[in-house]
Structure formats: structure tokens, C-alpha cells
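Notes follow the structure.
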Amino acid sequence: MAKTAISPTRSENYPEWYQQVIKGADLAENSDVRGCMVIKPWGYAIWENIQRRLDAMFKATGHENAYFPLFIPMSFLEKEAQHVEGFAKECAVVTHHRLEPDGQGGLRPAPDSKLEEPLIVRPTSETIIGATFARWVQSYRDLPILINQWANVVRWELRTRMFLRTTEFLWQEGHTVHASAEEAQAETRQMLDVYAAFAEGAMAMPVIKGEKTAGERFPGAVATYSIEAMMQDRKALQAGTSHFLGQNFAKAQEIKFQNVAGELQHAWTTSWGVSTRLIGGLIMSHSDDDGLVLPPKLAPAQVVILPIYRNNEEKSAVLPYCQSLKSELESQRYDDEPVRVRIDDRDLRGGDKKWQWVKRGVPVLVEVGPRDVQSGGVFRARRAIDAKGVGVPRSEFVATIANTLAEMQQGLFDRAAAARDAATVEIADLAKFEKFFADDAPGGLAYCHFTDGPAMEAKLKELKVTPRCVPLVGGESSGKCIFSGEATSRRAVFARSY
RNA sequence: CGGGCUGUAGCUCAGUUUGGCUAGAGCGCUGCGUUCGGGACGCAGAGGUCGAAGGUUCAAAUCCUUUCAGCCCGACCA
């Protein structure tokens, strides 16, 4: 059996494999603070690429960036009843503003520095941004307001997993205000489309766009939409959400404007977000038993060149060859940008170095030794395609690099889509549903007719399955609820999920 | 918040039951050397108030008490 770079393998122990991929790729590590991680340079570079592309998409759809406070007065959260219920249980609370010696060599919050009103660390910013918007909006001429913020948020989760659910995480949250329900709904759907386009185009991660059922809705929202992806263990991952908030928050926070007729009315708001969880999705969509596999569009380095030499004489021949190769590659463009190239000239053993880059998921690895310099070639390996590599003429390699990256990007998407389709079924009766989600079954995505209700909830809880969404395409169709037998016109995707 | 478990080198852990030499191993790290289109090897070396406090004892990583921290299962989870 071939040696794998990651142990255990996916089939041996999937959750542990996931942890080891992160470790092997040097993406992140656990910190001294429970539930919070340190995102290391390679992991953060991926996040920066995600940010850069999404930010451009937000700007292209008319949004502007702004920044709101980390702290939110506790009373703000109380204003929207469902919102309170959804978030109160996982909030970090700031109660003091000064420390003093505790008399035993340590520190304690100074009793006389207690805050009049506690501040919570934002779990999401609807309330404080809404309060701000209330001051910004007076007339229909002030609308729409289209704002995004890149920020960190804190949700005091009991159970955390790197990137997928951490106590503190990085995200963007868009918040918009509109003069009509139709416009706000259109905004909600537009941003869902942006997320789907990003997930499929940049991450090579196929997603299903759909609406959340009542039980899965964002607290305080009228409608929540999400993109749902399927991971290699056949569990679903909610990768992004977009909420139509109706007038719920506008009423709670007095966001009012005068319309054309001169009447005072409440505005319509939306919010939408994606987080560092996307990186978890990226890992579990493409990576293999040799570690991370990155789609070229998000890879911090698309090509890594490994010079091979044994002495100064060889070094003086090989290094300039590598440097000029790097320049030539950088003059090539892929995805509207120069190809991203690194030379790894660290003083490490060659094999060790190569495997580090394999585990980090770099799409194309190039080894250049004296023989290549002599022959005018390079030795090229493509991640997850031909790991061992093959010798190719340098000029051909350079001329085709953009095409190679494009093919790899598409190949990852196709592979993930095929895996998802192979794990997707249509189920019309409960017995088959139970069998599909039995503990010893592989599981997957099941499309079923349903009606929201106690019959469904009880069965789903027992099977640890949730309705992921009612797909925008194929969600409307008449049939019988597999849980209650009632006639229904709605169909959802069911799965176990992260 | 219930049930179980663990704290010993940077990391993973052995040693604790039955107290007793200078507290160990593997990996990693540093140096030298051999290898090398490759995840290799040899030699030498650095690195520990054994989670913390108190107690029992001639003697404590080991026994007792207290305490702190973390992990797993459950509950919970926009």
C-alpha cells in the first residue's frame, strides 16, 4: 500500500483526518484560549484570497465597506424577541473596564469599575448596525443603504471544531435597508447568488441554493436562504446565508423613512454573511489522504518551484534558471491575475520540502535540477492528478500554465459535483428514509416532500438529520409528506450536517 | 449542567497499582558527518520546579486532602 502523507486516512477516521490535514497544511492551530484558533500564514493567505474576491463582488453589486463596534449594549439585543432567544445563550459579556491587584499577586476586575450596562461581544451586528441605520435614514431618498463589514464575531459554542465552529471567527456581514419588501427580497436573493457563484467559481465547491425551513431560520428573520454543500463524508455544510428580515428589525430599532407620499413607514432590511467556515468547506470538499488540495483560484501560491542541487556549482546553474522560470510564469495570466509563483530555496532535505507543499495543497509543484537546466526542461507534478510528476519542456510548461490551472480548477469542481450527485437520492417513503440515514449507511443528500411539524421533528431528531433547505430549483413540487402523509407542495434536501 | 478521563521535555506519551539510584522513550530542535532527483542514517548535544498548594514519610511523579486546567460522551448548537 502506498504511504499517505496524512494519517489516519479519510476512510479510517474522517474527523481525525480533518484535523491532521489542517496540521499538515499549517493552516491553523489551537490557541491558549479554549475554542479559539490561531490562523497561521498559509491559512490566513487563503482567507485573504477569499476576502479579496468576495469584496470585489460586493463592490460590483453596489455595496460599501464600513466598520461597527465590537461591543454591543446588552439592551440592544433585547429589542427583537426571537433574536434574543437565538443568541443570548452564547454571548460573551463585558462587565468591568479596569483590573486591579487582587492582593495575591494576581489581578481581578475592580469592583468600582463595574459597567452600568454590560456590553456583549458581538455574535452578529444586526442590532447595533440597525440602531445606526435608524439615524441615517429619514427619507426614501436615503435608501437603499448597502453596507458590508469585515469583522470578527464571538459565539460561545460548547463544542468547537477548527474553522467549522470556533468561539471567535472571522466573517463578513452585509446589512442593507430598502424602501420596499420587493427590493429587500431581491437583495437577499442577489447576495445568495453572489455566494453561490463564489462557492462554485472560486472554491470549486458545488452548492444548492435554497430557503431554510422555519426551524432553521435566523432568529428574527422572515426568510433565510443558504447555500448548502456536501462534504466528502456526505454530511452537508451550510456555507453561507442570506436573510430577508422583513420589517422585524426596522420595527424593533425604529428604522423609519418618509415615502414619496410623505407617509412615515418602517424600512425593510436584509443581512447576509460567510465566514472562515468556508475554509473548512474547502478542506473537506477537495482534500485527500496526502493532505490539502487547493483550487488554483484560491491557492496562495499556484506554482512552487523546488531547486535541486548538491553543491555550489550546481546551485549557481539551477537558481538563476529557477528565477527566470519564476519571472516567465509570472508574466502569464490566469483568472485575470499574474500567476502566483514561489521558489522554495530553504535549506531542507528535498523530499521533506516537497511533501510539505503537497500537504499544503499547492496545485503545481516544479522540481528543477541540473539535468533540467541541461535539457531546458522542468519536472512538473499536479496535485491530486499526477503526484509523481513528469518531465516537460520548459517553454511548453510556461505556455500552458494558465490552461493547466484552469483545467485543475474545473477538475476539482467536476469531481466534487460527481461525488455529490452520486450521494443524492430521491426518497418517497419513510422506511427508505430511515434506511438511507441508518448508522451503518453512508448517508448523503435526500430530496423528500415534507410538511413542517411534530411528526417530522421527532423523526429527524432520532436520526440526527436536518432539513438543509428547500431548493430554489425543485423545491416546489406536489407530493405527500414522508413523515405525516399529508399532501404538500414543498420538497427539501435532508442530510446530516456540520 | 450530568457521566467518564487526563495533566511528566516543544509534541505524543511511558513510569504511579507495590513510594527508593542522577526522571525516561519516540518525534521535533541544534551541531558535525554520511547519504540525496529526495519524506534516509550515524554520532554528539540542548531541553523537565513531573498542573498548583498543603499533608504523610528517612524518602513523593508515585500515597492522602484541596484546587486549577484541559479532553471525551451526553445535553445544547444563527
Side-chain angles (χ1 to χ4, degrees), chain A residues 2-7 15-16 19-20 23-24 29-36 77 80 82-91 104-106 122-127 153-161 164-167 169 171 173 212-221 223-226 238-243 245 249 271-275 277 290-291 305-311 314 318 344 346-359 365-375 377-381 387-391 461 464 466 468-469 496-498:
Chain A
K3 183 178 173 183
T4 59
I6 298 296
S7 173
E16 181 60 22
Q19 297 290 114
Q20 293 303 322
K23 192 174 167 189
E29 64 188 31
N30 281 313
S31 71
D32 297 319
V33 183
R34 176 200 165 90
C36 297
L77 200 70
E80 214 292 329
Q82 288 182 318
H83 201 61
V84 182
E85 212 177 302
F87 287 106
K89 280 176 285 188
E90 49 186 28
C91 284
Q104 294 164 33
R122 63 181 164 219
T124 179
S125 303
E126 272 75 8
T127 58
V153 288
V154 167
R155 295 181 187 176
W156 214 264
E157 302 285 354
L158 297 176
R159 194 70 127 239
T160 59
R161 300 191 66 185
L164 296 173
R165 175 172 278 116
T166 48
T167 300
F169 57 93
W171 78 343
E173 47 181 328
K212 287 290 190 186
T213 57
E216 305 282 317
R217 212 173 270 154
F218 177 74
T224 287
Y225 298 87
S226 71
Q238 175 181 302
T241 51
S242 186
H243 314 293
L245 304 175
F249 283 86
S271 67
W272 28 274
V274 296
S275 71
R277 172 178 253 207
D290 283 330
I305 302 170
L306 303 171
I308 291 162
Y309 51 80
R310 280 173 296 188
N311 50 47
E314 289 181 350
V318 168
D344 184 355
R346 288 176 301 164
D347 180 24
L348 280 182
R349 293 184 45 75
D352 224 344
K353 200 151 66 169
K354 176 183 171 177
W355 280 99
Q356 284 182 14
W357 291 112
V358 170
K359 285 186 283 190
L365 276 181
V366 186
E367 299 169 46
V368 175
R371 293 211 294 269
D372 302 301
V373 174
Q374 202 94 74
S375 69
V378 298
F379 195 80
R380 177 217 68 189
K388 281 190 178 160
V390 60
K461 183 152 191 169
K464 293 176 184 158
T466 51
R468 300 317 303 156
C469 66
R496 293 223 171 88
S497 71
Y498 280 99

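Chain naming here is simple, since letters A, B, ... match the order of the sequence lines and numbering starts at 1 in each.
The aromatic rings of H83(A) and F249(A) lie perpendicular to each other, with more than 60° between the two planes, well past the 30° mark.
Within the 4.0 angstrom heavy-atom criterion, base atoms lie near Q238(A). Here P370(A) lies in heavy-atom contact (under 4.0 Å) with a base. Across all strands, F218(A) comes closer than 4.0 Å only to sugar-phosphate atoms, never to a base (heavy-atom distances). Among the heavy atoms of the strands, none lies under 4.0 Å from Y309(A). In this structure, R217(A) reaches the sugar-phosphate backbone alone: every heavy-atom distance under 4.0 Å involves primed, P, OP1 or OP2 atoms, never a base.
For the atom pair R277(A) CZ and R165(A) CZ, the distance stands at 5.5 Å (nearest 0.5 Å). Within the model, atoms CG of D352(A) and CZ of R346(A) stand 8.5 Å from one another, a figure rounded to the nearest 0.5 Å.
C36(A) has its side chain out of reach of T166(A): every pair of non-hydrogen atoms, C-beta onward, lies at least 4.5 Å apart.
The side-chain hydrogen bond (donor to acceptor under 3.5 Å, both in side chains) test applied to S125(A) returns Q149(A), E173(A), not counting sequence neighbours. Taking R380(A) as the reference, D386(A) meet the side-chain hydrogen bond (donor to acceptor under 3.5 Å, both in side chains) condition, with sequence neighbours excluded. Shown here are the side-chain hydrogen bond (donor to acceptor under 3.5 Å, both in side chains) partners of E16(A), two or more places apart in sequence or in another chain: Q20(A).
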Could you go over nucleotides 39-41 of chain B and give all protein N or O partners under 3.5 Å, atom names and distances?
{"unit_1": "G39(B)", "atom_1": "N7", "unit_2": "W355(A)", "atom_2": "NE1", "d": "2.6"}
{"unit_1": "A40(B)", "atom_1": "N7", "unit_2": "R349(A)", "atom_2": "NE", "d": "3.0"}
{"unit_1": "A40(B)", "atom_1": "N7", "unit_2": "R349(A)", "atom_2": "NH1", "d": "2.9"}
{"unit_1": "A40(B)", "atom_1": "N7", "unit_2": "R349(A)", "atom_2": "NH2", "d": "3.4"}

Under 3.5 Å, which N/O atoms of the protein pair with N/O atoms of nucleotides 69-73 of chain B?
{"unit_1": "C71(B)", "atom_1": "OP2", "unit_2": "R34(A)", "atom_2": "NH1", "d": "2.8"}
{"unit_1": "C73(B)", "atom_1": "OP2", "unit_2": "R159(A)", "atom_2": "NH2", "d": "2.8"}

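By the neighbour-count criterion of 12 heavy atoms within 6.0 Å, atom CH2 of W171(A) is densely surrounded, having more than that number from other residues, nucleotides or ligands.
Counting only Watson-Crick or G-U wobble pairs whose defining distances are both under 3.5 Å, the stems of 3 or more consecutive pairs in RNA chain B are B:1-7 with B:68-74, B:10-13 with B:24-27, B:29-34 with B:40-45, B:51-55 with B:63-67.
Between C1(B) and K89(A), no contact under 4.0 Å exists linking OP1 or OP2 to a side-chain N or O. Put simply, R310(A) has a side-chain N or O that comes within less than 4.0 Å of OP1 or OP2 on G37(B).
Counting only heavy atoms from C-beta on, K461(A) has its side chain closest to C76(B) among C76(B), G37(B), C77(B).
Judged purely by distance below 3.5 Å, without hydrogens or angles, the side chains of R468(A) and S226(A) never pair a donor atom with an acceptor atom.
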